[in-house]
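Okay, structure first, notes after.
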Number of protein chains: 2
Amino acid sequence: MSQRKATSDAGRATIRDVAERAGVSVASVSRVLSGNYPVSEELRRRVMKVVRDLDYVTNAHARSLAGGGTPTVAILINNITGAAFAHVAKGVEGAATLRGWLSLVGTTGDDPERELALVNLMRQQGVAAVILLGGAYDYDEYQLRMARFARSLDAAGSHLVLVGRPPLEGDVPATTVDYDNEGGAYAMASHLLSAGHRRVLVLPGHAELTTAQGRLKGAQRAFDAYGAPFDPGMVRHGPYDYEHGYEAVEAALHDTPDFTAVLAGTDVVAAGAAQALRAAGLRVPEDVSIVGYDDIPLASQLTPQLTTVHVPYEEMGRVALRAVADRREGGGGRRKSPDGDHLVLGTHVVVRNSVRPPAAHA
Amino acid sequence: MSQRKATSDAGRATIRDVAERAGVSVASVSRVLSGNYPVSEELRRRVMKVVRDLDYVTNAHARSLAGGGTPTVAILINNITGAAFAHVAKGVEGAATLRGWLSLVGTTGDDPERELALVNLMRQQGVAAVILLGGAYDYDEYQLRMARFARSLDAAGSHLVLVGRPPLEGDVPATTVDYDNEGGAYAMASHLLSAGHRRVLVLPGHAELTTAQGRLKGAQRAFDAYGAPFDPGMVRHGPYDYEHGYEAVEAALHDTPDFTAVLAGTDVVAAGAAQALRAAGLRVPEDVSIVGYDDIPLASQLTPQLTTVHVPYEEMGRVALRAVADRREGGGGRRKSPDGDHLVLGTHVVVRNSVRPPAAHA
DNA sequence: TTGAAAGCGATACCAC
DNA sequence: GTGGTATCGCTTTCAA
């Protein structure tokens, strides 16, 4: 199992196998395959025939080592099962494919250790960039952690991109692609307020999650703007999942049953909330209005269809990749583009059928 | 930008940088890092310090070239946005991580050319296996195409795994992880029949899609078993998406409005069907019963909660990876395991609230 | 236009 | 226990 010299057979055909069999030098084979160098038609034909015969493909590792190689971006997601993130990934994938880039997806399962391990793994792979998706916990430590990632990747010739996360403070080599999270929440809450709702159950998400904080803040600002009192007792924190939506509404129905609307942190939470309401014999939106956040396909598939905040996830993915690609192209001159490394996309309310003015007798 | 010899600084620190700075040989550094060789405490300490100082990580490509390297599996999906596939991917990811393997996800967008390109790309990457997910079109050409992939990957020391796809005929080096698709459909249709339904609208999926064919066949078998007439006019083909479910029901309401139940090819199709029914003023399940297939989270989040067929997607992913890993471990003795390369997992009906006996007056 | 040979970064075998 | 060094497969000068 040690020194096979036989042409082909063992494991995988190499460029040398092709060269020998075609009676040319490895350099020529390489040229034909790369296509970035003038080669005689005759030679090209001979080489290509052997390539087909042997079903040869170049070894990406060797190629990468020697300088060439397909640029690759890594996408790190908490949970591949989340619809919103899947759309960002799709956006990245699409844009990457368009440029002939490769993209990998890794999942962290919300585990910081695993996140670190993956970042290093990707650094080993020599990826052009690591794209981190989704809200983050613990703002203070977050800054330090990300700054470390950023510098580490930068030193390795890679680059950190934060998508849907807070930007980094100070002079850190990272790019952030964000959306107007707070603004979306502000608009969404305003929509509820202008419909006449005042007692609204707010389910922003985990208290320590940055996206949840932004959504809560946006809602509060809207209440302030409307001169409506904001009751902290109407806020219930919890994970962005169906169960939380269900349980929070169940609990609220017990504790503060006078709410006329639910402002959910995500569409999935809204779905859970709606179910709980129905289980309690309440109708949506006749008795209680519900709004979500994200505008994933689920939002328009629920009954009633959910009024929610549209977040341009797929576009964020595309933008993130473009940012990386641009930075590579223009890589010659290192411009510290003082701006341009924090892009913010807009959000907007999508009105569907889950909101009504509060019932008159309320 | 060409011949930097300075320790570190340029791009990325190498093992040589570490060796020099620690005043030891590259061999020693390699040993310390691999950890699979006795090394003095003193040396290890010195090396590790420098590694930390330089924030050094080994170059995965070089390592891979030289023999070592992290085993990697590639998952090829049609659409990363599909919930069912995402769960398979999650299963693969989890099992891979457990073993310290890496896993990549690529999307084909239902494009055969792109699929081919990705298979080759993965072959270049030297992945341990390529896992293809989801139903396939055109059975005849499919066999040839997959056989080619299988041999090609096998020759490159890799391996093809088909998940949720028909197994390959003949002596082809591939592994198939499948679920009892037809059986699930049979059970689901039986459930409907035993509730008294006879006129059921069937939305199996695309006519050329293998999973759709299996689901349709299972349904037909159930009708036969019940001695109930199966009306081909009640079958409507189309993509596995929400829109198709909606439109198919709309059309059926016009053409053959006497159906009392809908047998949808997937949960998402069922969701669309339910919406269309409601839009037409029909209640689910009081007026029309609906069942789905897949049992993705959406199924239990709809109102009413969907009775559907549970497919163990995540487990399929885990099983697929285990199959690849086992085959690697036992790689020494090449056993052509005549069986064991076609695993079939069971499916079962999950009863929820979307089925009632047909209305008496029907 | 084509060939020979020097790396790319890490591993592992062979001496010491 | 530690240090040389050939080698992995490919790209890319440098000559011819």
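Model, not experiment: these values are computed from the prediction. A, B, ... follow the sequence lines: proteins, then strands. Residue 1 opens every chain.
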Do the side chains of A:Asp55 and B:Arg151 get close enough for a salt bridge, i.e. N-O under 4.0 angstrom? no
Between A:Asn78 and A:Thr108, do the side chains contain a donor N or O and an acceptor N or O under 3.5 Å apart? yes
Both B:Ala27 and A:Val57 contact DNA chain D. Taking the nearest nucleotide for each, which residue is further toward the 5' end? B:Ala27
Atom pair distance, as rounded to whole Å: CG in B:Leu65 and P in C:dA12: 13 Å
On DNA chain C, more 5' by nearest nucleotide between A:Glu42 and A:Val26 is A:Glu42
What's the CG-C1' distance between B:Leu33 and C:dT11, to the nearest Å? 12 Å
Identify whether any heavy atom of A:Ser30 sits under 4.0 Å from a base atom; if not, whether one sits that close to sugar-phosphate; answer base, sugar-phosphate or nothing. base
Run B:Leu33 and B:Met48 through side-chain contact (heavy atoms from CB on, under 4.5 Å) and show every step you take. CA-CA 8 Å; B:Leu33 264 35; B:Met48 289 314 286; 4.2 Å; yes
Could you tell me whether the phosphate oxygens of D:dC10, OP1 or OP2, come under 4.0 Å of any side-chain nitrogen or oxygen in A:Thr58? no
From the options A:Thr175, A:Leu153, A:Val324, select the one residue that forms a side-chain contact (heavy atoms from CB on, under 4.5 Å) with A:Leu160. A:Leu153
Would you kindly give the CZ-to-C1' distance between B:Arg31 and D:dG3, to the nearest whole Å? 7 Å
Between D:dG1, C:dT11, C:dA12, which nucleotide gets closest to the side-chain atoms of B:Pro38? D:dG1
D:dG3 phosphate, OP1 or OP2: any side-chain N/O from B:Ser25 under 4.0 angstrom? yes
Counting just side-chain N and O atoms, does A:Tyr56 come under 4.0 Å of either OP1 or OP2 of D:dC10? yes
Nearest to the side chain of A:Tyr37, heavy atoms from C-beta on, is which of C:dC8, C:dA10, C:dT2? C:dT2
Between A:Asp17 (CG) and D:dG9 (C1'), how many Å, whole number? 10 Å
With a cut-off of less than 4.0 Å, is there a side-chain N or O of B:Ser40 near OP1 or OP2 of D:dG1? no
Selection from C:dT11, D:dT2, C:dA10 that lies nearest to any side-chain heavy atom of B:Val39: D:dT2
Could you check how far CD1 of B:Ile15 sits from C1' of C:dA10, rounded to whole Å? 6 Å
Chi angles and distances behind the side-chain contact (heavy atoms from CB on, under 4.5 Å) call for A:Tyr142, A:Leu168: CA-CA 9 Å; A:Tyr142 166 79; A:Leu168 266 23; 4.0 Å; yes
Rounded distance (Å) that lies between atom C1' of D:dG1 and atom CG of B:Leu43: 8 Å
5'-most contact on DNA chain D: B:Gly23 or B:Ala62, nearest heavy atom basis? B:Gly23
Using a strict threshold of under 4.0 Å (side-chain N to carboxylate O), is an ion pair present between B:Glu41 and B:Arg45? yes
Given the structure, check if the side chain of A:Arg16 and the base of D:dT7 hold any donor-acceptor pair shorter than 3.5 Å. no
What integer distance in Å separates B:Asn36:CG from C:dT11:P? 9 Å
Take atom CD of A:Glu20 and atom C1' of C:dA4, then tell me their distance rounded to the nearest Å. 15 Å
Does A:Val29 reach a base, just sugar-phosphate, or nothing at all? Heavy atoms under 4.0 Å. nothing
